[in-house]
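First the structure, in the form of structure tokens, and then the observations on it.
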Amino acid sequence: MVLPGGASWSAAVTRPVADLRDDAFARLFDEFSAPIYNYVLRMVADADRAADITQDTFIKAYRKLDTVTDAAATRSWLYRIATNTAIDDMRRRRMTTTMPDDAPAFANRADPRPGPEAEVLSRTLDERVQRALMTLRPNHRQCLLLSDLEDMSAHQIGEVMELSYAAVRTLLCRARGEMRRALAAEGFAR
Amino acid sequence: MSMDRGRHEAYEELISASLHGDLSDQERHSLDAHLDGCERCRETLAVFSDQRRIVAGLRHLAPPRDLEARVRTGVQVTSAAQPWWRRPPAVFAGIGGGLAVVAGALLALAILNGPTEDSPLGQPTMTPAATAPAPSATVPAPTLAPIGTPAASPAPTASLAPAPTATPVERSPEPDAYLAVTGPLDNQLLTVQPGPTGEGVTEADAPSGPPIAAEISPDGQWVAYLSEKGLSGFNEVRALRVAETPEATDGTEPVRSHVAVGETLILGEGVAGSPFVEHLFWSPDSRYLAFTLIDIEGGGTDVWIFQPADGSVSQLTDVGNAYAGSWAVGGAGSSLLWVSTAGETPQSHLLMFHDDAGEIRPGDPADSPFASASNVFQPLLSPNGTLVIYWTGRMDRSGDEWVFTEGGAPWLAMNVNDGGAGYEFESSREVFTDVTVGQSAFTSAAISWGLDSDAFAVWDAEWTGIPQAPSGEYPDPRRVYLGRATDARHVTRTHALDAGDVPTDATVVDVKVAGTGRHLAITVRYPVPGDLSTPEADLLLVTRNTGTVADEVSVLSLAGPGWYGPALYARDPPSD
């Protein structure tokens with residue numbers, strides 16, 4: 001548009017960048033709070049615990065914000081914090097229930113009694129898949145969720161779990177085999 | 001046998017890796033060759049594929065609403081040791097870059113996968129009423145029931161069909177016109193500068209203060225504006241005729257007026273007030289202008305009507321707590337206007353105007369409304385009439401006017417003809433989706449729809465609750481927020497325009513959203529020394545960018561200081 005009277009639009013406003021920086025953590029929370037919550041929820045199958053772990057994840061992320069040097073790895077970094085926080089939580093709970101360290105994997109099976117998660121994961125299909133997930137070893141469950149729920153590549157999963165590319169592929173294959181049996185036990189036929 | 005199992009296991013790993021493309025060319029060829037002759041591994045591939053689909057299809061659940069508040073509290077506790085504002089800037093820039101990369105990746109995924117069930121359930125869309133969160137018990141979803149039988153019910157109009165998606169329209173990001181006040185304080189000229197057509201229309205009798213709100217009539221004949229009246233604390237409403245009567249089109253008779261082009265009518269004056277007062281509403285057919293005045297003698301707020309055809313100004317209400325809202329498209333020969341009454345529970349009434357009706361006499365809008373809605377205040381319809389932003393909450397008097405004092409918040413809903421004579425606001429959802437509206441919430445805010453009927457701007461948001469961001473002020477009355485109806489988040493703190501868009505010493509006076517949906521024409525006022533200085537304002541054209549890409553800001557450059565703005569975007573004429 002040509003404006004009369006010699007008017008024109010010109011870039012004449014100086015923009016400070018400080019305010020852009022201030023939004024960084026807020027954006028981090030905005031982008032990732034829901035995905036992280038869902039990932040953790042599928043890890044622990046308990047809505048209250050998932051909320052606590054997500055909360056702790058973001059508080060830790062805030063504290064460690066200045067340790068992030070590779071901008072492209074922000075997502076993996078955040079999932080790594082969430083994964084480690086969830087593992088810590090599971091370990092604490094296992095200790096408080098005096099479960100031996102060498103307990104078989106199914107010791108982590110979800111509590112069959114109705115609990116808060118029963119409300120949250122109320123749909124039958126969801127319940128069956130979640131039950132199957134909870135029979136997996138924690139590292140298998142993490143690996144599978146990062147791959148199939150979060151759609152991460154083997155490289156990205158490796159960044160989150162601090163494993164080599166080859167180790168992730170092997171772990172993921174084992175997790176799929178374990179999940180195959182678990183789903184079959186839940187009546188998923190093939 | 002064991003060797004055979006080992007061979008299959010090796011291929012199972014390749015099958016697993018193939019599900020997200022983690023295979024080299026050599027591995028791919030090897031696997032393909034094996035699958036051709038191995039039924040067992042083909043079965044494994046099918047099982048793993050199913051499994052991936054099942055896990056990916058797990059429901060996404062919304063995090064608890066208080067999660068953000070909990071994180072904020074935790075952050076505030078930890079930040080005592082290392083304040084947020086002392087962190088190295090480079091780190092934040094890095095994080096931001098990462099977010100841009102991730103956001104780009106997520107967007108690419110969303111585009112590739114299309115709308116799937118993976119969408120977080122906590123982000124309901126506008127369409128399915130069942131998934132949209134119902135307003136809380138103290139903020140009931142409004143239902144508009146017709147009251148009485150109107151003499152001539154308007155037929156349900158096609159333009160009111162719910163269509164919350166934006167209509168792609170090629171529009172210029174730049175305003176069609178703008179107001180300019182120039183010259184020395186004792187001899188100021190107000191000019192409405194049109195866009196490409198050249199000469200502006202100048203008003204010799206300029207107002208005694210700068211224009212702070214303005215709207216052009218849909219037929220382009222009039223510009224109504226609200227201007228400050230010197231330093232009196234009063235505002236004045238004026239209408240300046242800027243164009244000749246257009247040709248009749250489609251059998252629609254244009255509004256004819258005896259007022260000459262360039263002539264100004266003073267429509268009234270009132271006490272300056274909140275953004276709820278600083279609205280001017282043209283009817284879609286340009287027959288009426290509705291506005292609110294605060295009585296300078298303490299009589300409260302009432303709605304007035306200007307009719308360009310005869311240049312008349314009429315008082316519509318005399319209740320002392322009435323505010324003008326949007327016009328709705330009426331049937332042939334009639335117009336519909338929302339008028340709200342403030343109070344503990346605000347009410348809104350849809351009033352019908354017949355073109356052949358006699359003189360308008362002041363009255364109570366609740367006496368004979370076409371429809372009414374409880375706990376709804378100042379409905380602002382999108383230009384195409386399919387969406388509405390309205391306020392809910394408890395209101396109390398504040399000086400000469402009314403503001404929200406408890407649970408006040410704007411809501412966005414679909415404006416749906418219920419198939420009968422009434423309308424319903426469906427799938428209501430808070431405009432600010434990341435704030436917790438408690439007893440203390442919004443007092444008021446200014447809101448403006450974009451011409452695409454999707455984008456909208458919120459500014460001058462007065463928030464009395466606890467800050468809703470880990471750092472800084474949010475909602476921030478100094479920031480402009482650009483939201484979208486089609487974005488389930490509507491407005492969050494990340495929807496704020498960059499803080500640097502508005503110069504630090506300036507305040508936002510008016511915001512218009514272009515039909516592009518991502519350009520805004522913002523009038524910003526600068527402080528001037530002393531009472532006798534001429535007021536100064538710039539008109540900024542902001543191109544909104546997201547992520548870490550900074551917004552682009554241009555300023556209207558004219559010779560010499562002056563007051564430039566508000567901007568004007570012409571609406572499309574109503575369609576049948």
Side-chain angles (χ1 to χ4, degrees), chain A residues 1-13 15-16 19-31 33-34 37-38 41-42 51 54-55 58-59 62-63 65-66 68-69 71-75 120 123 126 129 144 147-149 151 153-154 169-170 172-173 176 179-180 183 190, chain B residues 12-13 16-17 20 22 47-48 50-52 54-56 58-61 63-64 67 70-71 74-75 78 87-89 91-92 94-99 101-103 120 122 172 174 193 195-196 198-200 469-472 492-494 498-500 503 541 550 553-559:
Chain A
M1 183 174 78
V2 178
L3 293 164
S8 63
W9 297 99
S10 60
V13 176
R15 300 172 27 70
D19 294 296
L20 295 176
R21 295 198 308 266
D22 286 350
D23 289 340
F25 183 72
R27 293 183 189 199
L28 194 75
F29 184 85
D30 226 40
E31 288 285 342
S33 57
Y37 171 75
N38 276 276
L41 179 63
R42 297 305 176 181
T54 308
Q55 173 190 334
F58 278 95
I59 292 171
Y62 174 81
R63 288 180 190 152
L65 211 52
D66 52 1
V68 181
T69 53
T74 304
R75 185 186 181 210
V120 179
R123 290 188 182 169
D126 246 50
V129 178
L144 198 69
S147 168
D148 294 353
L149 188 69
D151 201 30
S153 68
R169 283 183 30 160
T170 303
L172 191 53
C173 182
R176 293 196 192 286
M179 187 65 172
R180 178 182 191 170
L183 285 175
R190 181 180 270 270
Chain B
E12 278 183 8
E13 190 172 317
S16 168
H20 37 76
D22 273 332
V47 169
F48 282 4
D50 280 355
Q51 190 185 101
R52 182 170 163 82
I54 288 168
V55 174
L58 281 167
R59 286 195 302 150
H60 281 242
L61 300 167
L67 179 62
R70 289 161 59 178
V71 171
V75 163
T78 59
R87 292 180 177 273
V91 172
F92 290 94
I95 294 281
L99 289 175
V101 170
V102 172
S172 165
E174 298 174 1
Q193 298 279 16
E199 293 301 314
S471 69
T492 67
R493 64 178 174 274
T494 60
D498 297 342
L541 185 64
V553 183
S554 303
V555 61
L556 183 69
S557 301
L558 287 161

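Every chain is numbered from 1 and lettered A, B, ... according to where its sequence line falls, protein lines coming before strand lines.
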Side chains of Thr54(A) and Pro63(B) in contact at under 4.5 Å (non-hydrogen atoms) | no
Do the non-hydrogen side-chain atoms of Ile54(B) and Met179(A) ever get within less than 4.5 Å of each other?
-> no
Could I get the full list of side chain to side chain donor-acceptor pair (under 3.5 Å) partners for Gln51(B), not counting sequence neighbours?
->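 Gln51(B): no side chain to side chain donor-acceptor pair (under 3.5 Å) contacts found.
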So, taking the atom named [atom1] in [X] and the one named [atom2] in [Y], what distance separates them when rounded to the nearest 0.5 Å?
X	Y	atom1	atom2	result
Leu41(A)	Leu58(B)	CG	CG	9.5 Å
Phe58(A)	Leu67(B)	CZ	CG	7.5 Å
Ile59(A)	Arg70(B)	CD1	CZ	9.0 Å
Glu12(B)	Leu172(A)	CD	CG	12.0 Å

Where do Ser147(A) and Arg52(B) come nearest, in terms of heavy atoms and distance?
->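 Closest approach of Ser147(A) to Arg52(B), heavy atoms only: O-NH1, 3.1 Å.
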Asp126(A) versus Arg59(B), closest heavy-atom pair with distance =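 So the two residues come closest at OD1-N, 3.4 Å.
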Ignoring hydrogens and geometry, is there a side-chain-to-backbone donor-acceptor pair from Asp148(A) to Val55(B) under 3.5 Å?
-> no
Listed by chain and number, what are the salt bridge (charged side-chain N to carboxylate O under 4.0 Å, His left out) partners of Arg169(A), not counting sequence neighbours?
-> Glu27(B)
Trace of the side chain to side chain contact (heavy atoms under 4.5 Å, CB included) decision for His60(B) with Tyr37(A) | CA-CA 9 Å; His60(B) 281 242; Tyr37(A) 171 75; over 6 Å; no
Give a yes or no on whether a salt bridge exists between Asp50(B) and Arg180(A), defined as a side-chain N under 4.0 angstrom from a carboxylate O.
-> no
